[in-house]
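Encoded as structure tokens, the structure appears first; notes follow it.
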Amino acid sequence: MRWEVIRAGWEAWRRYPVTAIPFILQGVSVIAASFLIFLGVVYAIIPELPEIILSGKISEKPEEAIEIFARIAENIELLSLLFILWLLLVTAINTLFKAWWIKLCNDALENVANLQLAFQHAKSRFLPLFVYELIFAIIAAVAFFPIINLAAEIFENLDTISKETEMIVYYGISFLLWTILLAILVATLSFLFTFVPYAIVIDGEKTLSGIKKGIKVLRRNIADTVIMWLLVGLAGMAGQAPVHLLKFLGFWGTIIGSTVAVIIGWVVVMPITTCWWVELYKWKSKTI
Amino acid sequence: MRPFGVTILAILGFIGAIGCFAMAGIFAMVGQYIPPSELGGAAPLVSLLMTVGSVLFVVFGLINLVVAYGLWKGASWAWWIFLILLALGIVSSLFMLPQGGVGIAQGIIGIIINGIIIYYITRPHVKEYFGV
């Protein structure tokens, strides 16, 4: 049956390469939204940054860098607000596109994929999925606060810290530990809520019933879910091949390799793996 | 009846798990026995690295143990996890090739070993044992 899931996903993508469209649009939208907010931050706090980076002066005058960091620390409230705005915006974009690609992959597996119809369905599932994504983002963001707090502390005491090796080591370790803990938390949540978006979009569940159903499906199929996560990891790793293969060409090789890897991710890896998840969910949810 | 090669792979898995737990113990002990005064400012960093290393070895040991047990019992999930881990091994070996020098040798050895094991576990009699 696992072979059938893999084959079904592969064939659905081959029949309907159009399943890649929501992934491409989501990637471009998130990059554009993030870039706009970043530009806003630069314009409001450090308008001279583009000139400094382009001229390469930053490496010549470290005191200027320290002054910029101090200015960032002074505007930490504004940055926190913008971070929340960015989080909400990206969550909303992700929600809409996620609902779209789940429905589209589901339709592709049933041989009836249509971009417009899938988008109509995605809009109708936006709210319950957005509430779920928000819950997920808030839990992750709460775990992110100690890191922000630590970064603020570093910025505030930058003069003292930069002069003492022990302080640099101490803050470095704290930063590393919190980042590891955050990564573990996000990985655990992602595993626990693996099937929730599929329950909400495919079965039309509300947020809480979707969470319950998603966890129920997971609890009865832990081995298959672990296998699928590993398989998705393998596909993701294989999609990163251009980065490693072109790295030896130097800086531009890395840039070209990364760009190719991102495009492969959007066009090939993500649509196929989503079809796998949808097929696995449909197969497993029948048993509960 | 369990194929002989699968028995060997499962035993190697159990040995690997024991090795990982031993390494976890060594990391934990080294972290305990080095006096912080000898490490100066780097003491917290060394302590952290030893702790993280120890935890990682415990995790790898547990993964080895679970997969080896599954292989021994002929569980289909163990066959899948083992196959994917071997494929991950091949992909990461491929990534070593462009590094040159020792990376090429390591990469080629990794590809050959993982490739042979993948070839073996996908033979019909082995797949039949696992029911895949």
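Numbers restart at 1 for each chain; the letters A, B, ... are given by sequence-line order, proteins then strands.
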(message) Please find the pair of heavy atoms, one from A:K286 and one from A:K282, that lie closest to each other, and give the distance.
(response) CG-O, 3.3 Å
(request) Considering non-hydrogen atoms only, spot the tightest contact between A:K213 and A:S285 and give its length. (result) CE-CB, 4.4 Å
Donor-acceptor contact below 3.5 Å, side chain [X] vs main chain [Y]:
{"X": "B:Y129", "Y": "B:M1", "answer": "no"}
{"X": "B:S54", "Y": "B:M50", "answer": "no"}
{"X": "B:Y120", "Y": "B:G5", "answer": "yes"}

(request) Could you list which of residues 180-199 of chain A have a heavy atom closer than 4.5 Å to any heavy atom of chain B, in residue-number order? (result) none
(message) Just to be sure I understand the criterion: a residue of residues 234-244 of chain A counts if one of its heavy atoms is under 4.5 Å from a heavy atom of chain B. Which ones qualify?
(response) A:L234, A:M237, A:A238, A:Q240, A:A241, A:H244
(message) Can you tell me if B:W80 has over 12 outside heavy atoms packed within less than 6.0 Å of its CH2?
(response) yes
(message) Could you measure the distance from the CD1 atom of A:I21 to the CG atom of A:L104? Nearest 0.5 Å is fine.
(response) 9.0 Å
(request) Could you grab the distance from atom CD1 of B:I11 to atom CH2 of B:W72, nearest 0.5 Å is fine? (result) 5.0 Å
(message) Less than 6.0 angstrom from the centroid, inside 45 degrees of the normal: does B:R123 satisfy that with respect to the ring of B:Y119?
(response) yes
(request) Examine A:W13 together with A:W276 and report whether their ring centres are nearer than 6.0 Å. (result) no
(request) Report yes or no: do A:D203 and A:Y281 form a side-chain donor-acceptor pair below 3.5 Å? (result) yes
(message) Checking B:V52 now: which residues fulfil side chain to side chain contact (heavy atoms under 4.5 Å, CB included) with it, not counting sequence neighbours?
(response) B:L48, B:L56
(message) Checking an interface table here. Which of residues 85-92 of chain B come within a heavy-atom distance under 4.5 Å of chain A?
(response) B:L85, B:A87, B:L88, B:V91, B:S92
(message) Any non-hydrogen side-chain atom of A:E11 less than 4.5 Å from a side-chain atom of A:R15?
(response) yes
